[in-house]
Every structure is written in structure tokens, then in C-alpha cells.
Amino acid sequence: MKKQLKKQLTNSDNDGFFDRVYDVVRLIPAGRVTTYGAIARFTGAPKAARMVGWAMNASHLQPGFVPAHRVVNRNGLLTGKHHFRHPDMMQELLESEGIAVENDRIVEFSRVFWDPYKELI
DNA sequence: ACAGTGACCTACT
DNA sequence: GAGTAGGCCACTG
């Protein structure tokens with residue numbers, strides 16, 4: 001575990017996928033959210049959404065702040081809430097940023113959705 | 001070495 | 001529309 005993470009942290013023989021993922025996630029403004037798929041597309045691996053999820057799993061070990069709570073699945077569902085220190089932390093973080101969450105789902109998801117392609121061009 | 005498992009998504013029945 | 005299959009690739013037993 002530590003070895004692999006160290007590899008990514010040191011960025012030695014890494015193709016940069018994880019780092020690009022973290023970079024994009026860090027660029028998500030407060031009060032907006034994006035999806036695993038959107039990040040995967042934007043980082044050049046359209047079908048590697050699961051890897052984005054895995055990257056989020058290790059995001060808390062990254063240097064700096066990685067707002068993993070602003071990344072949800074395509075339906076606006078908070079599928080990753082159980083991987084936070086507290087299961088309800090994800091929802092509370094989102095609500096503290098002005099995002100309404102109901103039944104583990106983001107209300108008005110299409111309105112707060114942040115598309116890297118539209119915002120980072 | 002190998003098979004199973006995932007914070008997922010798209011595309012095809 | 002629901003259900004299935006395939007893809008991505010790191011990690012685990």
C-alpha cells in the first residue's frame with residue numbers, strides 16, 4: 001500500500017493520470033460538483049472512471065487539499081460517502097458549501113454540475 | 001501467476 | 001427502460 005502510494009506521491013514512473021485527476025479535482029470551485037466520468041474524460045481516459053474512484057480513495061494522502069466530496073457519480077449520488085472518516089461528512093461538507101443533499105443525492109444536480117470541458121477551456 | 005473486486009461509465013440487447 | 005457485457009487498471013488474497 002505505502003509503496004504504491006509513495007510511487008504516486010513521488011511521481012517517479014507515473015504517467016500522470018492520478019496527478020491530473022487530483023489537479024482537476026482541486027480546481028472544482030466550492031458549491032459545484034463534477035462526476036467521475038467527466039474527470040476520466042478530461043484526463044484522457046474516458047473509460048477509466050473506476051480509476052478516478054480509486055484515486056479518490058487515496059486522495060486523503062495527497063499533499064494539499066483534495067475536495068473528493070465534490071466528486072459524485074453520474075446520477076448525483078454520493079456513492080463515496082462511506083469512504084470518508086465519517087459517513088455523513090461528505091454530505092455535511094457539501095451542505096456547508098451550499099449544495100443541498102437529500103437521500104444521498106444532490107438536489108438540482110444538473111444546476112451545480114461543473115463540467116471541466118466547459119469551465120477549463 | 002491468477003482471479004476477484006472496485007467511490008464508474010457507455011453501449012448494446 | 002431494465003439488464004448485461006465490456007472496458008479501464010491498481011490492489012488484494
Side-chain angles (χ1 to χ4, degrees):
Chain A
M1 188 62 137
K2 288 183 178 174
K3 222 193 311 180
Q4 296 80 358
L5 293 171
K6 186 180 178 184
K7 190 166 74 172
Q8 291 161 19
L9 288 170
T10 53
N11 199 17
S12 50
D13 51 351
N14 183 355
D15 65 348
F17 176 74
F18 283 82
D19 295 311
R20 273 200 297 272
V21 170
Y22 295 131
D23 283 339
V24 175
V25 174
R26 275 190 266 256
L27 289 173
I28 306 172
R32 309 290 299 278
V33 295
T34 191
T35 68
Y36 303 98
I39 295 173
R41 250 187 351 234
F42 191 77
T43 49
K47 299 180 178 179
R50 301 175 93 169
M51 296 307 104
V52 177
W54 200 92
M56 292 305 100
N57 187 36
S59 63
H60 58 84
L61 297 170
Q62 287 298 309
F65 178 56
V66 181
H69 60 279
R70 295 179 193 146
V71 184
V72 297
N73 77 345
R74 163 113 192 91
N75 306 310
L77 215 57
L78 277 63
T79 49
K81 57 177 284 189
H82 295 298
H83 294 270
F84 284 81
R85 293 210 314 278
H86 231 18
D88 290 332
M89 199 168 91
M90 188 175 185
Q91 173 167 349
E92 290 178 7
L93 284 169
L94 289 171
E95 286 177 339
S96 72
E97 296 176 352
I99 298 177
V101 177
E102 204 171 290
N103 285 340
D104 295 341
R105 200 187 99 256
I106 292 182
V107 184
E108 301 285 343
F109 175 64
S110 57
R111 190 199 284 287
V112 295
F113 176 66
W114 181 83
D115 188 354
Y117 274 107
K118 294 189 175 185
E119 312 286 349
L120 293 181
I121 296 293

- [ ] Using a 4.0 Å heavy-atom cut-off, write out nucleotides 7-13 of chain B from 5' to 3' as B (base contacted by protein), S (sugar-phosphate only) or - (no contact).
- [x] BBSS---
Open item on the list: Atom CZ of residue position A:Arg74 - does it have more than 12 heavy atoms of other residues, nucleotides or ligands inside 6.0 Å?
Closed with: no
Open item on the list: Let me confirm one number: the CG-CG distance from A:Asp88 to A:Leu78, rounded to the nearest 0.5 Å.
Closed with: 10.0 Å
TODO: Taking atom P in both B:dG4 and C:dG6, compute the distance separating them and give it to the nearest angstrom.
DONE: 15 Å
- [ ] Could you tell me the separation between the NE2 atom of A:His69 and the CD1 atom of A:Ile28, rounded to the nearest 0.5 Å?
- [x] 8.5 Å
- [ ] Could you state the atom-to-atom distance from CG of A:Leu61 to P of C:dC11 in whole Å?
- [x] 12 Å
- [ ] Rounded off to whole Å, could you give me the CZ-to-P distance for the A:Phe18 and C:dA10 pair?
- [x] 6 Å
- [ ] May I ask you to decide if A:Ala38's main-chain N or O and A:Tyr117's side chain share a donor-acceptor pair within less than 3.5 Å?
- [x] no
Task: Interatomic distance, A:Met51 CE vs C:dG6 C1' [rounded to whole Å] - done: 14 Å
Task: Same-atom distance (P) from B:dT5 to C:dA5, integer angstrom - done: 15 Å
TODO: State whether the side chain of A:Thr43 and the backbone N or O of A:Phe17 hold a donor-acceptor pair below 3.5 Å, judged by distance alone.
DONE: no
TODO: Determine, step by step, whether A:Arg70 and A:Ile99 satisfy the side chain to side chain contact (heavy atoms under 4.5 Å, CB included) criterion, reporting the C-alpha distance in whole Å, the side-chain angles of both residues, the deciding distance to 0.1 Å, and the verdict.
DONE: CA-CA 10 Å; A:Arg70 295 179 193 146; A:Ile99 298 177; 5.7 Å; no
